[in-house]
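Below is one structure, written out as structure tokens; comments come after it.
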Amino acid sequence: MPVVELTMEQEFKLRQIKDGLNAASKEDIITVFLALQHQCFVLGNNIKQLITEWPNHPPTTPEERWSRGPLYETKD
């Protein structure tokens, strides 16, 4: 399961950002928002690529099972 809770340090940093937004100019906020959105798109693309290229089938030959470790052992 994904971890959705923030650490105490992350909560503190988020509070600092929230407090700093009141003093920031509109242009600065727009710049940060666009940079964060860009990073979200890049991260999403990378995760999609990892999921697409991740092997989703167990090895079929005994040699492949042996090289991958006890996870693929059978009870023959």
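Nothing fancy with the numbering, it's 1 onward along the sequence.
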For a side chain to side chain contact (heavy atoms under 4.5 Å, CB included) with Lys48, tell me which candidate from Asn45, Thr52, Ile51 qualifies.
Thr52
Between Gln10 and Glu5, which heavy-atom pair has the shortest distance, and what is it?
OE1-O, 4.4 Å
Within one Ile-Leu-Val-Met-Phe-Trp-Tyr cluster: Leu36 and Phe33, side-chain cutoff 4.5 Å
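No; Phe33 is not reachable from Leu36 via cluster members.
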Which donor-acceptor pairs under 3.5 Å do the side chains of residues 12-19 make with protein atoms, sequence neighbours left out?
{"from": "Arg15", "atom 1": "NE", "to": "Asp19", "atom 2": "OD1", "distance (Å)": "3.0"}
{"from": "Arg15", "atom 1": "NE", "to": "Asp19", "atom 2": "OD2", "distance (Å)": "3.2"}

Could you grab the distance from atom CH2 of Trp54 to atom CG of Leu50, nearest 0.5 Å is fine?
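The CG atom of Leu50 is 7.5 Å from CH2 of Trp54, to the nearest 0.5 Å.
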May I ask you to test the Asp28-Val32 pair for a side-chain heavy-atom distance under 4.5 Å?
no
